[in-house]
J.: 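What follows is a single structure, and I will ask about it in a moment.
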There are 2 protein chains.
Amino acid sequence: MALGSLDRSDDRAPYRQIADQLRTAIDRGDLAAGDKLPSEAELMRHYDVARMTARQAIQELRAEGRVVAEQGRGVFVRLPAPVRRLASDRFARRHRDAGQAAFLAEAEKAGVTPGVDEIHVGRGPAPDLVRERLKLDEAADVVIRSRRYLAEGQPVETAVSYIPVDLAEGTPIAEQDTGPGGIYARLEESGHMLDRFTEEITARMPTADERRRLKLGPGTPVLTVLRTAYDTDGRAVEVCDTVKAAPAYVLEYDFPAR
Amino acid sequence: MALGSLDRSDDRAPYRQIADQLRTAIDRGDLAAGDKLPSEAELMRHYDVARMTARQAIQELRAEGRVVAEQGRGVFVRLPAPVRRLASDRFARRHRDAGQAAFLAEAEKAGVTPGVDEIHVGRGPAPDLVRERLKLDEAADVVIRSRRYLAEGQPVETAVSYIPVDLAEGTPIAEQDTGPGGIYARLEESGHMLDRFTEEITARMPTADERRRLKLGPGTPVLTVLRTAYDTDGRAVEVCDTVKAAPAYVLEYDFPAR
DNA sequence: TAGTGGTCTAGACCACTGT
DNA sequence: CAGTGGTCTAGACCACTAC
């Protein structure tokens with residue numbers, strides 16, 4: 001691990017120069033995934049700077065999500081997250097017919113042990129974003145199902161589903177356990193055959209709460225997917241708001257050139 | 001703007017408590033978009049802490065992308081970026097027939113003044129990711145077109161297209177100006193009618209280079225879209241690698257339940 | 001010129017990790 | 001125990017902004 005030296009005549013701040021050199025070392029592969037970076041003390045000696053300067057350089061890389069600090073151990077080049085590809089056919093009826101909800105089917109395909117926890121089922125008013133998409137009036141309540149998905153025990157996604165009460169009440173959708181095939185299978189059983197979905201994708205930094213629930217390190221963005229399900233009558237029957245740890249996902253879509 | 005006080009018995013670090021209080025003030029609307037946060041000096045007086053502690057609190061919010069610091073002026077609650085929705089029909093043939101490339105058609109629809117700059121056209125080997133998708137052997141060159149898109153003068157997206165040389169050479173695709181309707185119109189003119197696209201979406205923190213080209217503040221993630229275009233023979237005729245400033249986009253996809 | 005954030009120094013004590 | 005990062009203090013000089 002050969003570090004360069006500071007150029008005091010360079011107008012770039014020393015901490016940026018140090019960050020650049022570390023970044024380059026990572027990009028070149030001098031520092032591979034999982035490797036330990038020089039400690040703060042080593043950087044102080046090597047570059048002859050104060051501790052805060054060395055720390056600031058490392059802080060840059062942390063904010064970029066390239067390295068992770070572990071107290072008492074050191075700072076390490078971040079390991080590439082196990083990536084799960086989500087194809088847009090993941091809600092295909094054949095999976096429901098096989099008795100599997102989308103997340104479980106997808107995880108199994110990827111050879112990952114799936115899990116679900118923090119399941120909460122309730123009833124209440126829908127957020128504005130949801131109300132617009134479900135075309136409900138302000139007064140109408142919805143059944144709200146929230147849960148957290150795990151892959152290999154690690155949280156990777158939170159999801160909140162909103163279903164109009166007239167579609168959910170009296171069915172397992174309003175229960176803790178929705179049964180085989182999940183919400184979509186129950187909707188189809190009650191005569192609402194699904195026709196199509198729309199998904200709206202954004203990316204942003206997580207809120208403090210999301211950081212906690214998804215156990216995200218600093219410098220880790222989230223992908224949000226807001227999915228609306230329509231039945232064959234063209235009625236919006238569910239809105240699902242998901243927040244995914246971005247490094248864990250690739251979303252795939254296929255569409256015609258028309 | 002009423003700030004609380006520190007709880008020294010709280011095991012959360014003072015800088016976290018201060019960050020929490022500021023975050024809450026923003027969420028509650030006490031600090032609206034564009035408002036100035038208390039200065040470092042004010043935070044030092046109010047909470048009776050050292051400057052670095054006040055700075056660290058603000059640093060938290062910056063990394064979350066919630067506030068932006070402007071030297072000499074102060075720290076401000078970030079303004080919501082003007083969002084552009086990208087529907088998956090943005091490559092519909094009707095737009096090409098109308099003589100417009102996708103970005104321009106989309107921008108006009110959104111009432112935004114579009115721009116393109118930093119156009120570079122060249123020829124060289126394809127990156128691995130691209131070669132796999134174009135099904136080329138290692139030796140085969142591609143035509144490489146890179147450019148940067150602007151909305152209202154602000155850079156919002158960079159794009160690099162890769163086209164197999166046998167499809168591009170001798171056509172305007174290998175020239176600086178591809179002509180009306182862009183690359184896709186030229187491909188169709190030469191007999192490669194487009195059939196479908198696949199898009200692979202990820203989100204991550206930008207590289208230093210991307211931060212510069214897209215003028216991104218800290219705490220701003222990017223959305224990447226890797227699009228592959230197929231002609232009616234099922235041949236991959238183009239791969240386009242785009243990097244978008246995440247706050248500026250919502251991607252929309254529509255797909256059947258099958 | 002006063003106020004702001006940007007950067008740096010030189011210390012200090014703490015909690016956690018591994019030996 | 002020594003080594004690591006986490007946090008804090010109390011200063012300093014600088015560049016930029018607004019008045």
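Residue numbers begin at 1 in each chain, while the letters A, B, ... track the order of the sequences. The basis for the numbers below is simple: all heavy atoms, side chains too, and nothing from hydrogens, waters or symmetry mates. Note that the structure is a prediction, hence the values are computed from the model and not measured.
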J.: How long is the line joining CZ of B/Arg55 and C1' of D/dT9, in whole Å?
T.: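 One finds 15 Å between C1' of D/dT9 and CZ of B/Arg55, rounded.
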
J.: Could a donor-acceptor pair under 3.5 angstrom be found where the side chain of B/Arg16 meets the base of D/dT7?
T.: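 Checked by distance alone, the answer is no.
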
J.: Where each residue is assigned the nucleotide of DNA chain D containing its nearest heavy atom, which of A/Met52 and A/Arg73 is assigned the position nearer the 5′ end?
T.: A/Arg73

J.: What is the distance, to the nearest angstrom, from the OH atom on B/Tyr47 to the P atom on D/dT9?
T.: 14 Å

J.: What integer distance in Å separates B/Gln71:CD from C/dT7:C1'?
T.: 10 Å

J.: To the nearest angstrom, how far is A/Arg62 atom CZ from D/dT7 atom P?
T.: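 Rounded to the whole Å, the gap is 8 Å.
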
J.: Of the listed nucleotides (C/dG6, D/dT7, D/dG5), which one gets closest to any side-chain atom of B/Tyr15?
T.: D/dT7

J.: Taking atom P of D/dA10 as reference, at what distance in whole Å does atom CZ of A/Arg51 sit?
T.: 18 Å

J.: Taking the minimum atom-to-atom distance to the side chain of A/Ala50, which one of C/dG6, D/dT7, C/dT9 wins?
T.: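 Among C/dG6, D/dT7, C/dT9, the one nearest the side chain of A/Ala50 is C/dT9.
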
J.: Would you mind reading off the distance between A/Met44 atom CE and D/dT4 atom C1', rounded to a whole angstrom?
T.: 13 Å

J.: Side chains of A/Tyr47 and A/Gln21: do they bring a donor and an acceptor to under 3.5 Å?
T.: yes

J.: Does A/Ala41 or B/Val49 map to a spot on DNA chain D nearer the 5' end, using the closest nucleotide for each?
T.: A/Ala41

J.: Starting at CG of B/Asp48 and ending at C1' of D/dT9, how long is that distance when rounded to a whole Å?
T.: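 Between C1' of D/dT9 and CG of B/Asp48: 11 Å.
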
J.: Test B/Glu199 against B/Tyr253 for side chain to side chain donor-acceptor pair (under 3.5 Å), laying out the working first.
T.: CA-CA 10 Å; B/Glu199 291 193 337; B/Tyr253 296 92; 2.3 Å; yes

J.: 5'-most contact on DNA chain C: B/Glu70 or A/Ala13, nearest heavy atom basis?
T.: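 So the residue in question is B/Glu70.
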
J.: Do the side chains of A/Arg133 and A/Glu238 get close enough for a salt bridge, i.e. N-O under 4.0 angstrom?
T.: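 Answer for the salt bridge query: no.
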
J.: Is it true that the side chains of B/Arg78 and B/Thr220 contain a donor and an acceptor less than 3.5 Å apart?
T.: yes

J.: Nearest whole Å is fine: how far is D/dG5 P from A/Ile58 CD1?
T.: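 Answer to the nearest Å: 6 Å.
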
J.: Salt bridge between B/Glu252 and B/Arg90, side-chain N to carboxylate O under 4.0 Å?
T.: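 Answer for the salt bridge query: no.
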
J.: Assuming nearest nucleotide by heavy-atom distance, tell me which of B/Ser39 and A/Gly72 is located more 5' along DNA chain C.
T.: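 Nearer the 5' end of the strand: B/Ser39.
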
J.: Among the candidates C/dT9, D/dT9, D/dG5, find the nucleotide nearest to the side-chain atoms of A/Thr53.
T.: C/dT9

